[in-house]
A.B. asks: 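Starting off with a structure, shown below.
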There are 2 protein chains.
Amino acid sequence: MLEAPATAPGSTHQGPIDIVRTQSLTTLVQRELERLILAGDVKPGERINEQHVAQRLRVSRGPVREALRGLERAGLVEARVNRGVYVREVSVEQALEIYEMRGLITGFACARLAAASTADQRGELAGLVTQMERAASAGDQALYYAINLAFHDKLMQFAGNMRAKAMYDALVKESHLCRRRSLFSPRNMGESNAEHAAILDAIRRGDAETARKVGEEHIVGGRRRFLDVVGSTAGT
Amino acid sequence: MLEAPATAPGSTHQGPIDIVRTQSLTTLVQRELERLILAGDVKPGERINEQHVAQRLRVSRGPVREALRGLERAGLVEARVNRGVYVREVSVEQALEIYEMRGLITGFACARLAAASTADQRGELAGLVTQMERAASAGDQALYYAINLAFHDKLMQFAGNMRAKAMYDALVKESHLCRRRSLFSPRNMGESNAEHAAILDAIRRGDAETARKVGEEHIVGGRRRFLDVVGSTAGT
DNA sequence: CTGATGTAAACTGTTAACAGTTTGCCTTCG
DNA sequence: CGAAGGCAAACTGTTAACAGTTTACATCAG
């Protein structure tokens, strides 16, 4: 990954970054690098070669360096002086801290929704829970994962604190940098979605304190499922 | 600010950024710009001129641009395409969101300390409360402000979640970008420190739930004092 | 006197070249 | 045969120059 110039000589394909420049190249490079990192195409601990990136995206090193500085502040990469930029590795301890913070913020959002939410919002969340139920029954992990993401996204969005949502999103991104990741086994999907239903129920009843509690515990549940994976998989 | 080359011709003074380069220029520029912004030397809404910064710090535009990209991701500046980088303006609404998040995280830290803290840690916090009491009695706002900062810093540090502390620090920095700021009037200092004492008391008793509540309410108190200032000061 | 238009200066976005450090490989000596 | 030292390639850090856009000012028409 991120090695050769990719396009063969004679190819008319101009590379991914030759769009009309309504945005700066730095922004486009940053987005592309973030995508590669979060998709796991470049793995934690791996080094990012400025020249290779520049050649691959048909850009000079300037915008690449700027993009990398942004990603550094976002916590996605680490820069070692005179030694290059590396994709950050998130340890298990750090991952647990991240789970705690995600739980805290999710609990906040749930409490907020219990105190103030529209029927439309509750309906949309209910619809997603139903969809997850179907995905879980079908055993479709990828689908469940996607809808689960949307559910939590809406939850944060409806809570009406943009700063909370931004922090939550940053935490989710960061958690992708931990090699050990928990997946949704069929049993986990059912368990996870039951918690979603409990959150929604508390929100509907306007019970802020319970909503906060089950929201927080839902993420703690994710943390437990994560620990199961870590525990059962020894080695690096 | 950030205008002329500063040093007069013939001056032997080499400018702030001619230290032995054990760190990258970008890092030093970033630190200096962050300092200028947080100290209020460059104000929210003001434009940052790359060339002027570069000249003033005796550096080329490259490192300056990289530093600005980092500050952008940190939320301290905003970049408008082909139009330059501006110090971010935090609206009153955004400031209130930030207060909410600071309260949430502070409450978390207090609960955590109530559940698990050493005698040394509690002693250190108690010492700071005592110092603040003296500062409040003397009516020394600057001193109270400084110790208050240290108290909250220790609180987050002792809570043992580095991610929480990092998020809290980022929020505090961001809140500096709101023009309307609450100061510590003599009455406010006493009120604020009484809340500190209540926090410490709950921590000592090991009452996590109360600690969380008073910790959160302490920041909400800050938010209320902030709203008083906003309300009593009309206009831009 | 006011508003539109055109021109020049200023500034941002980008690229390419230069300097110094790191790293890997090869040679050479024990 | 193994290890230490040196040389060369590769890569990062930095700078300077170029290109295109924005902005401010001056000029001119109404």
Side-chain angles (χ1 to χ4, degrees), chain A residues 1-5 7 14-33 36 42 45-73 76-88, chain B residues 1-5 7 14-33 36 42 45-73 76-88:
Chain A
M1 258 301 150
L2 287 179
E3 285 304 326
T7 50
Q14 284 295 322
I17 306 266
D18 267 0
I19 320 163
V20 202
R21 291 179 195 170
T22 169
Q23 296 181 351
S24 72
L25 288 186
T26 303
T27 305
L28 297 171
V29 172
Q30 197 166 339
R31 195 172 305 166
E32 176 65 7
L33 283 176
L36 287 171
V42 272
E46 219 171 289
R47 172 147 159 275
I48 296 178
N49 186 314
E50 290 177 7
Q51 300 201 65
H52 291 175
V53 173
Q55 286 168 21
R56 194 161 138 68
L57 301 182
R58 300 277 200 277
V59 158
S60 73
R61 280 175 55 219
V64 174
R65 284 181 64 85
E66 287 182 35
L68 287 173
R69 275 286 164 176
L71 295 178
E72 184 185 21
R73 204 60 183 246
L76 295 183
V77 302
E78 270 173 322
R80 307 204 239 283
V81 180
N82 275 323
R83 212 155 291 183
V85 174
Y86 295 78
V87 178
R88 188 167 150 230
Chain B
M1 256 305 148
L2 286 179
E3 285 304 326
T7 50
Q14 286 293 322
I17 305 266
D18 268 359
I19 320 162
V20 201
R21 290 181 195 168
T22 168
Q23 297 182 353
S24 73
L25 288 186
T26 303
T27 305
L28 297 171
V29 173
Q30 197 166 337
R31 196 171 304 165
E32 176 64 7
L33 284 176
L36 287 172
V42 273
E46 219 171 288
R47 172 147 158 274
I48 297 178
N49 186 316
E50 290 177 8
Q51 299 200 47
H52 292 173
V53 173
Q55 284 167 21
R56 193 161 139 68
L57 302 183
R58 300 274 202 278
V59 158
S60 72
R61 280 175 56 220
V64 175
R65 283 182 65 84
E66 287 181 35
L68 287 173
R69 274 289 165 175
L71 295 178
E72 184 184 22
R73 213 41 190 261
L76 295 185
V77 302
E78 272 173 319
R80 306 204 239 284
V81 180
N82 276 325
R83 213 154 294 184
V85 174
Y86 295 77
V87 178
R88 190 169 148 227

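Below, each value reflects all heavy atoms present in this structure, side chains not excepted, and no hydrogens, waters or symmetry copies.
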A.B. asks: Between D:dG13, C:dT22, D:dT22, which nucleotide has the shortest distance from any of its atoms to the side chain of A:R83?
C.D. replies: C:dT22
A.B. asks: For A:N82 and B:R69, take the nucleotide of DNA chain C holding the closest heavy atom to each; which residue's nucleotide lies nearer the 5' end?
C.D. replies: B:R69
A.B. asks: Check the distance between C:dT21's C1' and B:L25's CG and give it to me in whole angstrom.
C.D. replies: 15 Å
A.B. asks: Please report, rounded to the nearest Å, how far the P atom of D:dT12 is from the CD1 atom of A:I48.
C.D. replies: 10 Å
A.B. asks: Please report, rounded to the nearest Å, how far the P atom of D:dA19 is from the CZ atom of B:R61.
C.D. replies: 15 Å
A.B. asks: Pairs under 3.5 angstrom, nitrogen or oxygen only, protein versus nucleotides 6-11 of chain C, please.
C.D. replies:
residue	atom	partner	partner atom	Å
C:dC11	OP1	B:N49	ND2	3.1
C:dC11	O5'	B:N49	ND2	3.4
C:dC11	O3'	B:R47	NH2	2.8

A.B. asks: Distance check needed: D:dT14 C1' versus A:L68 CG, whole Å only.
C.D. replies: 16 Å
A.B. asks: If you look at every heavy atom in B:S60 and B:V64, which pair is closest and at what distance?
C.D. replies: O-CG2, 3.7 Å
A.B. asks: Counting only side-chain nitrogens and oxygens, does A:R65 get under 4.0 Å of the OP1 or OP2 atom of D:dG13?
C.D. replies: yes
A.B. asks: How long is the straight-line distance from CG of B:L57 back to CD of B:Q55, given to the nearest 0.5 Å?
C.D. replies: 10.5 Å
A.B. asks: Per the side chain to side chain contact (heavy atoms under 4.5 Å, CB included) rule, which among B:L76, B:V87, B:I48, B:V29 passes with B:L71?
C.D. replies: B:L76
A.B. asks: B:T27 versus B:E66: any side-chain heavy-atom pair under 4.5 Å?
C.D. replies: no
A.B. asks: Give the rounded distance in Å between these two atoms: CG of B:L57 and C1' of D:dT14.
C.D. replies: 15 Å
A.B. asks: How close or far is atom C1' of D:dT21 from atom CD of A:Q23, stated in whole angstroms?
C.D. replies: 17 Å
A.B. asks: Mind checking what makes side chain to side chain contact (heavy atoms under 4.5 Å, CB included) contact with A:V85, not counting sequence neighbours?
C.D. replies: A:L68, A:V77, A:A79
A.B. asks: Could you list the residues that satisfy side chain to side chain donor-acceptor pair (under 3.5 Å) with A:E50, not counting sequence neighbours?
C.D. replies: A:R61, A:R65
